[in-house]
There are 2 protein chains.
Amino acid sequence: MLSTTDHAEPLGRREQNKVDTRHAIADAAFDLARSVGPGAITVDQIAGRAGVSRRTFFNYFRSAEDALTVRTDTFLELALEVFGQMPQDEPLFDSIVRSFSETTRMEGLSLHGELFRMADTNPDLLRAQLHAWERAETRIVGALRRRLGAAASDLYLSALVGCVLSCTKAAMRDWAASTPEAGDDSGKQLEARILASLTMLRDGFADPVAIDDGPPAGS
Amino acid sequence: MLSTTDHAEPLGRREQNKVDTRHAIADAAFDLARSVGPGAITVDQIAGRAGVSRRTFFNYFRSAEDALTVRTDTFLELALEVFGQMPQDEPLFDSIVRSFSETTRMEGLSLHGELFRMADTNPDLLRAQLHAWERAETRIVGALRRRLGAAASDLYLSALVGCVLSCTKAAMRDWAASTPEAGDDSGKQLEARILASLTMLRDGFADPVAIDDGPPAGS
DNA sequence: CGGGAAGTTGCACACCGTGCAACAAAGGCG
DNA sequence: CGCCTTTGTTGCACGGTGTGCAACTTCCCG
């Protein structure tokens, strides 16, 4: 199981406090959004539950919705990190598919689905999520540029990355919509969808690819 | 030249006033954003310049940034409309490419580039723009569903549309970045970029496609 | 004309986002 | 350890945002 907290760097008191506070705020925001709905939360509530002042909240996040995108950010950050560890001589698409597949094994995946569903009913949260994907796009373009060198044009790179992320997003959307209840193997189901959408992308969308959800339930 | 105002439907006084007011607000917002920067505008300023009350502004738009996405909305709406007029038996990708190509001939295209550049320096505006593309995505998925019937899965459709829009977005970004000054043929340059990115998409990003900017200057 | 439907406006109110200055905690150093 | 610097937290104030509501105006239609 991939963990988001296994960077074994010795943090000073200062750094650690900041990480903890950030975590506390993000958790408080998510809990509140779950209980009263993402549209009804206020910064005061989040700050109160996280045990910090309203002012401190704004030292960490620009808005209540931003505190809810932490999970999305770490997911995408993790995917980028995993991508960086792929062998350079592997075909590009294989690296990409494997990066996201690995990443779907991260902890707390079902909460991501919940977040996706929340965004369906709240414009501001949706915007924050879209922005998170956009930020990731920029970072990934940079990483790809380092891998591919100057051979690839800006247009090629940003179109490619945009498409890859669009496919992943579509996979997550479809997964979130079709698995409202988190099952044991929801990770597998997401993985299958990501594989399917990225395969369609590689084939230029000539044909739809069926989703292989693994062995039927009960076998 | 495509126009956004040639729907020859006889509007009543009520409808016409609303259209005019909406237009006035959008123009006021854009003018202000140009002069003082998109981050420095207030709703009061926009409302004042448009000749309506602050309260009325919020009857039309949810935020100052939303008033700036009208151009993006009409661009995408127009593309969808054009797409609807393509022959049903034409290959899908050809229809898509032609739809956007036609749409680049719309009026006031250079202002779109300006808007893209504004979004680079203003997170809220960027979010509003991303949201506009997202809304269009939903509408286009619906239109495609009607064209393709039940044969296509949800995942196929949303991945495809997401990719097409990502490519278009990448083309506009590249175009906006590379043509800070609006030239006579900036429409041609955008068209070439859209064609290139969508061609790469059709070929599964196997190879970068060069941008054909037309005959070199001076010929 | 007259009355109902639709739209605009001012007002009040809660909430947002930020500069600022006072305060507290952490880290470095002799 | 004591002192000082650096970094982070907090309260406060202030202007801006977004919305429910009720009064008012404009439009439409019989």
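Keep in mind that the numbers below use all heavy atoms, side chains included, and drop hydrogens, waters and symmetry copies. Within every chain, numbering begins at 1; the chains are lettered A, B, ... in the order of the sequence lines, protein sequences first and strands thereafter.
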### Message
Under 4.0 Å, heavy atoms only, any strand: does A:R62 hit a base, just the sugar-phosphate, or nothing?
### Response
sugar-phosphate
### Task
Compare side-chain N and O positions of A:Y60 against OP1 and OP2 of D:dG8 and report whether any pair is under 4.0 Å apart.
no
### Task
Could you tell me whether A:D154 and A:R145 make a salt bridge, using a distance below 4.0 angstrom between a side-chain N and a carboxylate O?
yes
### Query
Which part of the nucleic acid does A:D44 contact within heavy-atom distance under 4.0 Å: base, sugar-phosphate only, or nothing?
sugar-phosphate
### Task
Look at A:S53 and D:dT10 and indicate whether a side-chain polar atom (N or O) is within less than 4.0 Å of OP1 or OP2.
yes
### Task
Specify the residue among B:F57 and A:N17 whose closest nucleotide of DNA chain D lies further upstream toward the 5′ end.
A:N17
### Query
Under 4.0 Å between a side-chain N or O of B:T42 and OP1 or OP2 of D:dG16?
no
### Task
By nearest nucleotide on DNA chain D, pick out whichever of A:N59 and A:R14 is the more 5' one.
A:R14
### Given DNA chain C, 5'-ward residue of the pair B:K18 and B:R54, judged by closest heavy atom
B:K18
### Message
In terms of relative ring orientation, are B:F116 and B:W133 parallel, tilted or perpendicular, with 30° and 60° separating the classes?
### Response
perpendicular
### Task
Mind checking the CG-OG spacing from A:N59 to A:S53? Nearest 0.5 Å is all I need.
7.5 Å
### Query
Considering only heavy atoms and no angle criterion, is a donor-acceptor pair shorter than 3.5 Å present between the side chain of A:R13 and the base of C:dA25?
no
